Each structure stands twice: as structure tokens, then as C-alpha cells.
K.L.:
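Would you mind keeping the following structure in view while I ask a few things?
Just so we're on the same page: letters track the sequence lines, and every chain starts at 1. No experiment lies behind these values; they were computed from the predicted model shown.
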Number of protein chains: 2
Amino acid sequence: MRPLFHPSVEDVRPEAILHALSDPERAAIFAEISGAGCVQACSAVAVVGDRTIPKSSLSHHIKVLREAGLIRCERHGVEMRNHSRCGEIDGRFPGLLASILSAYALVARKVCGG
Amino acid sequence: MRPLFHPSVEDVRPEAILHALSDPERAAIFAEISGAGCVQACSAVAVVGDRTIPKSSLSHHIKVLREAGLIRCERHGVEMRNHSRCGEIDGRFPGLLASILSAYALVARKVCGG
DNA sequence: TTCAATAGTTCCGATATTCCGAACTATGGT
DNA sequence: ACCATAGTTCGGAATATCGGAACTATTGAA
């Protein structure tokens with residue numbers, strides 16, 4: 001299998017990032033990947049909140065995140081490992097990802113009453 | 001004409017903001033409204049870059065920005081005045097709008113070679 | 001009050017996107 | 001070679017977006 005396409009940092013576009021993260025499920029997936037630094041396998045993030053995401057949808061979400069430049073995906077044996085590109089992106093668009101993830105975290109906290 | 005719906009600040013959702021600003025034209029419109037503090041009439045923002053936006057599309061963009069909580073719209077006589085709600089939103093999601101607008105500004109600068 | 005001009009909204013068909021089950025592909029173990 | 005595991009692609013239904021044409025709201029003039 002040929003290596004997956006990843007945009008270089010300088011090709012990353014703000015609209016792609018915002019679009020990718022404008023889906024709360026995708027944002028949650030990205031937050032988990034970023035939090036863990038490296039999340040092993042798509043299946044590891046297949047449950048968001050109380051909903052199990054169908055694997056075709058999950059595959060699509062991962063692809064959107066990858067093509068937006070937000071994550072880096074590598075195959076290790078039979079599974080895929082997803083790494084956040086948070087650091088790279090932050091170098092280019094300082095504070096962007098942090099403020100987006102904080103915004104979602106704030107709302108999640110409120111909704112859950114935690 | 002009954003007053004337009006505007007969400008209160010605490011009802012503003014991150015996904016709505018990101019979705020609204022994930023369209024570069026809409027982001028440009030919002031940037032202009034925010035820059036001017038108050039932009040008079042939709043027609044004042046009807047040209048983005050080198051493209052003139054059809055008025056039905058513009059009306060739609062303004063509606064999306066309004067319903068996301070990003071702008072406040074008031075009719076003054078025959079025209080609409082659009083105010084940025086940047087301050088309110090920043091109180092709730094600190095740094096979010098600033099980093100998004102900066103990201104777009106950075107890319108625009110690069111593309112235009114200015 | 002009637003008419004015209006201006007500013008924006010709504011309608012609706014064409015196009016594009018999203019969602020997800022089913023079928024398919026890739027890799028590792030036996 | 002075969003099976004199991006992990007993920008991707010296909011395809012069609014549901015949904016969203018775009019924009020021209022028709023419509024509505026407001027002001028000002030006759």
C-alpha cells in the first residue's frame with residue numbers, strides 16, 4: 001500500500017482546519033489523538049461520547065483530519081497509528097488549535113455538568 | 001418585520017463558529033465587519049477579493065454568521081447594519097476568533113505576496 | 001396614497017457533500 | 001493457502017450549498 005498523502009505544514013489551509021474541526025465528532029477524535037500524542041488504531045477512537053461511530057464514517061473522519069494536515073497516519077502492521085500534528089500547526093498558526101480545543105472542552109464541561 | 005433571531009452568548013456553539021468561518025468568503029466578510037466594527041449594509045461587503053458575491057448567497061452568508069452568534073444585524077431604514085459580536089464571543093471563548101482571523105490573514109498575505 | 005427605487009429575503013432546481021452498510025483490500029499469524 | 005483483524009472504497013439515500021428569479025420591506029417623491 002502506497003504511503004498516504006499528508007500536506008506539508010506550509011500547504012495547510014485555515015479553511016481545511018476549521019472545516020475538519022467544525023464537526024464535533026471529528027473534533028473529539030482529534031482531541032483524543034492530540035491528548036494521547038499517538039492513538040493506536042482508528043478503533044481506539046471509535047466511541048465518541050455515547051455513540052459508536054460506524055467504521056466507514058470513522059475512516060472518512062480520519063481522512064478529513066489527515067488531509068487538513070491535522071494528523072499524521074502511519075501503518076504499523078495491521079493497524080494504523082494516528083499522531084497529532086499539533087506542534088507543526090501551532091508553529092504556523094499560533095494558538096489556533098489550542099483555542100479551538102479549549103472552546104469545545106468548555107462546552108463539553110458545561111453540557112455534562114462536570 | 002419582526003426582529004431577527006440572535007443566539008445569546010451562552011448558547012453559542014464552537015461547531016457553529018467553526019462551520020461559519022470554514023468558508024473563506026464568510027470569514028472575509030466577518031473580518032471586514034469586525035475590522036470596521038460596524039459595516040453598513042450587506043452591499044458594503046458584497047465584493048470579496050476579486051469576486052462579487054450574488055446577493056442571495058450574501059444574504060445566506062450573513063444569516064449563517066448571525067445564527068452562529070458571530071454578528072448582530074439591525075435594520076436601519078432600508079438597510080441592514082452588521083455588527084461584530086467579537087467581544088462577547090471572546091469573553092466566552094478567549095482567543096478563538098483572533099487566532100482564526102490571524103490564520104486567514106497569514107495565508108492571504110502569503111498568497112497575495114504582499 | 002400610489003408609484004418607483006433600494007436593500008434584502010425566500011423559493012427552488014442544479015450541484016455537491018455527508019452518512020453508513022456492504023463489499024473489498026491489506027497485513028500478520030498459523 | 002487460509003483466516004482474522006483493521007481499514008478503505010463503493011454506492012445510494014439524505015442533506016446542504018449556490019445562485020437566478022421572484023418576492024417583501026422600507027423610504028422618498030409625486
K.L.:
Does a nitrogen or oxygen in the side chain of B:Ser57 sit under 4.0 Å from OP1 or OP2 of D:dC18?
P.N.:
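Looking at the OP1 and OP2 atoms of D:dC18, neither is under 4.0 Å from any side-chain N or O of B:Ser57.
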K.L.:
Give a yes/no answer on whether the side chain of A:Ser59 brings an N or O atom under 4.0 Å of OP1 or OP2 in D:dG7.
P.N.:
no
K.L.:
Atom CD1 of B:Ile62 and atom C1' of C:dA7: how far apart are they, to the nearest Å?
P.N.:
12 Å
K.L.:
What is the distance from CE of A:Met80 to C1' of D:dT9, rounded to the nearest Å?
P.N.:
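From A:Met80 CE to D:dT9 C1': 14 Å.
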K.L.:
Using whole Å, what does the distance between atom C1' of nucleotide D:dA6 and atom CZ of A:Arg75 come to?
P.N.:
7 Å
K.L.:
Would you check, one step at a time, whether the test side chain to side chain contact (heavy atoms under 4.5 Å, CB included) holds for B:Met80 with B:Leu4?
P.N.:
CA-CA 11 Å; B:Met80 213 62 145; B:Leu4 295 164; 3.0 Å; yes
K.L.:
Tell whether A:Ser56 reaches the base of C:dG21 with its side chain through a donor-acceptor pair below 3.5 angstrom.
P.N.:
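In this structure, the two groups form a donor-acceptor pair.
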K.L.:
Of the listed nucleotides (C:dT27, C:dC19, D:dT8), which one gets closest to any side-chain atom of A:His61?
P.N.:
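Among the listed nucleotides, the one closest to the side chain of A:His61 is C:dC19.
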K.L.:
Is there side-chain contact between B:Leu18 and B:Ile100, with at least one heavy-atom pair below 4.5 Å?
P.N.:
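Side chain of B:Leu18 against side chain of B:Ile100, heavy atoms only: contact under 4.5 Å found.
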K.L.:
Whole-Å distance between C:dG8 P and B:Ile29 CD1?
P.N.:
12 Å
K.L.:
Within this structure, what is the CZ-to-C1' distance between B:Arg81 and C:dG8, rounded to whole angstrom?
P.N.:
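That distance rounds to 15 Å.
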K.L.:
Which sits closer to the 5' end of DNA chain C, A:Val78 or A:Ile53, going by the nucleotide each is nearest to?
P.N.:
A:Ile53
K.L.:
Is it true that the side chains of A:Ser22 and B:Ser22 contain a donor and an acceptor less than 3.5 Å apart?
P.N.:
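The criterion, which ignores hydrogens and geometry beyond distance, is not satisfied for B:Ser22 and A:Ser22.
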K.L.:
Under the side chain to side chain contact (heavy atoms under 4.5 Å, CB included) criterion, do B:Arg26 and B:Leu70 qualify, and how do the steps go?
P.N.:
CA-CA 11 Å; B:Arg26 223 141 49 199; B:Leu70 287 163; over 6 Å; no
K.L.:
For A:Leu4 and C:dT25, give me the distance from atom CG to atom C1', rounded to whole Å.
P.N.:
13 Å
K.L.:
In Å, rounded to the nearest 0.5 Å, how long is the span from CD of A:Glu88 to CD of A:Glu10?
P.N.:
9.5 Å
K.L.:
Closest approach to the side chain of B:Glu79, judged atom by atom: which nucleotide of C:dA7, C:dT27, D:dT8 is it?
P.N.:
C:dA7
K.L.:
Between A:Cys73 and A:His6, is any pair of side-chain heavy atoms under 4.5 Å apart?
P.N.:
yes
K.L.:
Taking the side chain of B:Arg51 as heavy atoms from C-beta outward, which of C:dA23, C:dC20, D:dG19 is closest to it?
P.N.:
D:dG19
K.L.:
Tell me what A:Arg66 touches on the nucleic acid: a base, only sugar-phosphate, or nothing, going by heavy atoms under 4.0 Å.
P.N.:
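It contacts nothing in the nucleic acid.
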K.L.:
Students often get this wrong, so: under 4.0 angstrom with heavy atoms, is A:His76 touching a base, only sugar-phosphate, or nothing?
P.N.:
nothing
K.L.:
Could you grab the distance from atom CG of A:Asn82 to atom CZ of A:Phe30, nearest 0.5 Å is fine?
P.N.:
11.0 Å
K.L.:
Side chain of B:Ser34, backbone of B:Ala31: donor and acceptor closer than 3.5 Å?
P.N.:
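No, B:Ser34 side chain to B:Ala31 backbone: no donor-acceptor pair under 3.5 Å.
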K.L.:
Please enumerate all protein N or O atoms sitting under 3.5 Å from an N or O of nucleotides 14-17 of chain D, with distances to 0.1 Å.
P.N.:
residue : atom : partner : partner atom : Å
D:dT17  : OP1  : B:His19 : NE2          : 2.9

K.L.:
Between D:dC18, C:dG8, C:dG21, which one does the side chain of A:Pro54 approach most closely?
P.N.:
C:dG21
K.L.:
Provide, to the nearest angstrom, the distance between the NZ atom belonging to A:Lys55 and the P atom belonging to C:dC19.
P.N.:
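Interatomic distance, NZ of A:Lys55 to P of C:dC19: 18 Å.
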K.L.:
Given atom NZ of A:Lys63 and atom P of C:dC20, what is their separation to the nearest angstrom?
P.N.:
17 Å
